[in-house]
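Note sheet for the following structure.
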Number of protein chains: 2
Amino acid sequence: MKSVTVYDIAKEANVSVATVSRVLNNTAPVKASTRQRIQNLIDKYQFQPNALARSLIKKATGMIGIILPDITNPFFPEVLAGLEQEARQAGYTFFLCDTGSSNQDIKDQYRRESQYLGILTEKQVDGIIMIGGRIDLHHCGKEMAKEVAEINKRVPIVLINGNLPGAAFHRVVVDEIAGAERVTEHLIGLGHRDIAFIGGYPQMSNTVRRLEGFRTAMERAGLAVREEWVNHGGFSVNRGKELMGRLLDREGRRPTAVVCANDLVGIGAIKAAVKAGLEVPRDVSVTGVDDVPMAANIIPELTTLSLRCVELGRTAARVLHQLISKSDGVELLTTLQPELVVRESTAPPAK
Amino acid sequence: MKSVTVYDIAKEANVSVATVSRVLNNTAPVKASTRQRIQNLIDKYQFQPNALARSLIKKATGMIGIILPDITNPFFPEVLAGLEQEARQAGYTFFLCDTGSSNQDIKDQYRRESQYLGILTEKQVDGIIMIGGRIDLHHCGKEMAKEVAEINKRVPIVLINGNLPGAAFHRVVVDEIAGAERVTEHLIGLGHRDIAFIGGYPQMSNTVRRLEGFRTAMERAGLAVREEWVNHGGFSVNRGKELMGRLLDREGRRPTAVVCANDLVGIGAIKAAVKAGLEVPRDVSVTGVDDVPMAANIIPELTTLSLRCVELGRTAARVLHQLISKSDGVELLTTLQPELVVRESTAPPAK
DNA sequence: GTGAAAGCGCTAACAG
DNA sequence: CTGTTAGCGCTTTCAC
């Protein structure tokens, strides 16, 4: 089972390993006949150079690591697809590091992020992309932030839609504040005045941004935000159901439109509304954020803010690639504009 | 920017690199005071041993590669989550190789599979998991199969829910034939006699198996399969819409129930039915296969065959781990039983 | 307990 | 054009 090496090839071809290396890498001219002889041997043994040895010398592995909280959340596969598309043609391979937020203690998640950060650097990845997890914290602990900053000195890191205090990181973000404004304005434009906001976590910066955009738009239109209509609790379909259910159970006036922190919550909200005997959008309008594929598949199709996930991934990959290849003038911050996608879940309020 | 090595640590600690290595790996007793001195230096410099160099010697990398066709299809993240959970605690890291079937020529996909297979072996992964792509072909070309067999001699491969001719591979599969029978029987038990089957590709083995189970159950119940009600075309929501639309547009009798090749097609079918003014399940029952999260979120919630994706992933990881650690007696074939999940999209036919 | 030295498989000067 | 020779950073005998 001993695998063949450049030495085996060299010996059988009656050349030195250097020459074999030369044909392998096209790094210097080799006589056609010699090259052919070597190539034949390579084919014969299906020889594949050991990338470990190669990387050990070259100090580049062509591997990049991506740390994300939950591959099961459809948002992440979308940006992953973008990353992959872009990175593949640049010759990178991906380490997928899922910190499995969905089924565990939050503390474990951060612990696992640290762990992966360590593994990735040991494995000498050329770069790291982080999305979700600690970088989404509105107030990330100094320790956790510093750890990342420290690693960033040795290997380039790009943060997607997040940030960390205490140091400057390369980041690719979507302007969610402006996006949330647009969503809210769409609703206001439709004639809604009683608008609720549900989902997300107050300690997460994405939630803070989305809520800020919501408030700004409401204020600009001279509408009051009813604080009892602003409820957080998570980003899942189930949380959406609960939050919407609670909104509907309340005494007194009901909102005619609900801005949800993301699509999953939006979907949950629709389910809850339907279960309560309401019709969307006739009785209540619902919006999401992300524009995951599911958003277009739900009935009614969800009006949402497209975070342009795929584009986000591609951009991050591009920035990271620049960093790795030490191009200069790489922007610290790259901002993408989200896009309002109007579908079927929003309409003017009844009467 | 030069990174610190065992030599740097050794020099500063006044010991040899061997001793440093010993404390790093706990591979031999080291005097407590010496160990402490070294450990302090390690902490001081945040020294991390270079995994490339280590793997070069150890001939094990702790990396496993997973080749899949489209991370964007919710089925795959689910099994990935299972893989990850199981593999993480065994100390593996994942290479994610998405061959991007969703937006390209099928030929390109297979080419990319080959490419990734090559990259993974060069990078000396300890094992490879394949799911989707060529291993789902009902009749896979000899060349493409042989390529995988060849690699399998050098590094262990586990196929999930697929197979390849010409050699014996370690596989983890779900009994889809029995599963499709169960789904069909559920419908028949509800009183349906006019049942259609839509979705999938006739050249893919999963489609063949699901259709076979469908036919078996129909036959056993003495029901005829109307061939004009068996239509293939893909696994996406859009194909489901189209196929269902075509079924509904047909002259004459309409099916009262539709067995879909997977959940996405099922969701598309529901959309088409609703668009055509029908109500599900009152006017037509719809079933899926996979049990992706979305299946439970659609309205009405989709009755489906759970392929137990997460469990599938875990099992595959376990088998691969056994293979890597050269346990003997590893079963060539591991079969999981799928599970019928009855939700809201099926009901007795309207009189 | 600890050190010296020989590699793991490859690339990259440096000579010729 | 091609061969020789150092390493890349680490682990691992084999001595002491």
Side-chain angles (χ1 to χ4, degrees), chain A residues 1-39 41-42 45-63 118-119 121-126 154-155, chain B residues 1-39 41-42 45-63 118-119 121-126 154-155:
Chain A
M1 204 40 71
K2 175 130 181 346
S3 56
V4 0
T5 74
V6 278
Y7 281 96
D8 303 322
I9 303 284
K11 190 188 301 176
E12 193 163 338
N14 277 312
V15 295
S16 74
V17 290
T19 306
V20 176
S21 175
R22 286 182 187 111
V23 347
L24 243 28
N25 302 285
N26 249 301
T27 184
V30 173
K31 194 178 6 160
S33 65
T34 313
R35 145 165 289 141
Q36 194 47 249
R37 195 150 30 98
I38 294 174
Q39 191 58 54
L41 258 14
I42 290 178
Y45 292 113
Q46 304 198 90
F47 169 68
Q48 295 193 288
N50 183 323
L52 296 176
R54 176 179 287 178
S55 296
L56 192 54
I57 285 189
K58 296 279 216 61
K59 273 137 177 30
T61 55
M63 312 187 301
I119 293 178
T121 51
E122 283 190 4
K123 293 210 190 299
Q124 313 293 123
V125 293
D126 293 340
R154 314 168 97 284
V155 23
Chain B
M1 202 40 71
K2 174 127 180 350
S3 56
V4 1
T5 73
V6 278
Y7 281 96
D8 304 322
I9 303 285
K11 189 187 302 176
E12 192 162 340
N14 277 311
V15 295
S16 75
V17 290
T19 306
V20 176
S21 175
R22 285 182 188 112
V23 348
L24 241 28
N25 302 284
N26 248 302
T27 184
V30 172
K31 192 174 14 158
S33 66
T34 314
R35 144 165 289 134
Q36 195 47 251
R37 194 152 28 99
I38 294 174
Q39 190 57 56
L41 258 12
I42 289 178
Y45 291 113
Q46 305 199 88
F47 169 68
Q48 296 193 287
N50 183 324
L52 295 176
R54 176 178 287 179
S55 296
L56 191 55
I57 287 189
K58 296 276 217 65
K59 272 138 180 26
T61 54
M63 313 189 297
I119 292 177
T121 52
E122 283 189 4
K123 293 212 189 300
Q124 313 294 122
V125 293
D126 292 340
R154 313 170 96 282
V155 23

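Please read these numbers as outputs of a predicted model, since none were measured by experiment. To find a chain, count down the sequence lines: A is the first, B the second, and so on, and within it residues start at 1.
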Exercise for the section: Would you check if the side chain of Thr121(B) reaches a backbone N or O of Gly118(B) as a donor-acceptor pair within less than 3.5 Å? Expected result: yes

Exercise for the section: Could you check whether Val20(B) gets within reach of a base, just the sugar-phosphate, or nothing at all, counting any heavy atom under 4.0 Å? Expected result: nothing

Exercise for the section: Using atom types as modelled and distance alone, determine if a side-chain donor or acceptor of Lys123(A) lies under 3.5 Å from a backbone N or O of Thr61(A). Expected result: no

Fill in the blank from the handout: Taking for Leu52(A) and for Arg37(B) the nucleotide of DNA chain C with the nearest heavy atom, the one nearer the 5' end belongs to Arg37(B)

Handout entry: Nearest-angstrom distance from the residue atom CG of Asn50(A) to C1' of dG9(D)
Key = 14 Å

Handout entry: Nearest-neighbour nucleotide for the Ala53(B) side chain, dG3(C), dC10(D), dA5(C) considered
Key = dC10(D)

Completion exercise
Asn14(A) atom CG is separated from dT4(D) atom C1', nearest whole Å, by 16 Å

Practice task
Would you indicate which nucleotide in dT11(D), dT2(D), dC10(D) comes nearest to any side-chain atom of Thr5(B)?
Solution key: dC10(D)

Exercise for the section: Kindly say if Thr19(A) contacts the phosphate of dC1(D), meaning a side-chain N or O under 4.0 Å from OP1 or OP2. Expected result: no

Handout entry: Between dA4(C) (P) and Arg22(B) (CZ): distance, integer Å
Key = 11 Å

Problem - Rounded distance (Å) that lies between atom P of dG7(D) and atom OH of Tyr7(B) - result: 11 Å

Problem - Closest non-hydrogen atom pair, Asn50(A) against Leu56(B) - result: ND2-CD1, 3.9 Å

Practice task
Could you tell me whether the phosphate oxygens of dT12(D), OP1 or OP2, come under 4.0 Å of any side-chain nitrogen or oxygen in Ser21(B)?
Solution key: no

Exercise for the section: Give Ser55(B) one of three labels, base, sugar-phosphate or nothing, depending on what nucleic acid heavy atoms sit under 4.0 Å from its own. Expected result: nothing

Completion exercise
Which of dT4(D), dT11(C), dA4(C) is nearest the side chain of Ala18(B)? It is dA4(C)

Practice task
Mind calculating the distance between CD1 (Ile57(A)) and C1' (dC8(C)) to the nearest angstrom?
Solution key: 12 Å

Exercise for the section: Check whether any side-chain heavy atom of Ile42(A) lies under 4.5 Å from a side-chain heavy atom of Val23(A), and answer yes or no. Expected result: yes

Fill in the blank from the handout: Tightest non-hydrogen contact, residues Leu41(A) and Ala13(A), listed as CD2-CB, 3.5 Å

Exercise for the section: Check whether any side-chain N or O of Lys59(A) sits under 4.0 Å from OP1 or OP2 of dG9(D), and answer yes or no. Expected result: yes

Practice task
Could you work out which one of dT11(C), dG3(C), dA13(C) sits closest to the side chain of Arg54(A)?
Solution key: dT11(C)

Exercise for the section: Nearest-nucleotide wise, let me know which of Pro29(A) and Thr27(B) is further upstream toward the 5' end of DNA chain D. Expected result: Pro29(A)

Completion exercise
Between Arg22(B) and Ala28(B), the two heavy atoms sitting closest are CD-CB, 3.7 Å

Problem - Any Lys58(B) side-chain nitrogen or oxygen under 4.0 Å from OP1 or OP2 of dT12(D) - result: no

Exercise for the section: Would you kindly give the CG-to-P distance between Asp8(B) and dC8(D), to the nearest whole Å? Expected result: 11 Å

Exercise for the section: Between Ala32(A) and Pro49(B), just flag the one whose closest nucleotide in DNA chain D comes earlier from the 5' side. Expected result: Ala32(A)

Exercise for the section: Rounded off to whole Å, could you give me the CG-to-P distance for the Asn25(B) and dC10(D) pair? Expected result: 10 Å

Completion exercise
When rounded to whole Å, the CD1 to C1' distance for the pair Ile42(B) and dC10(D) reads 13 Å

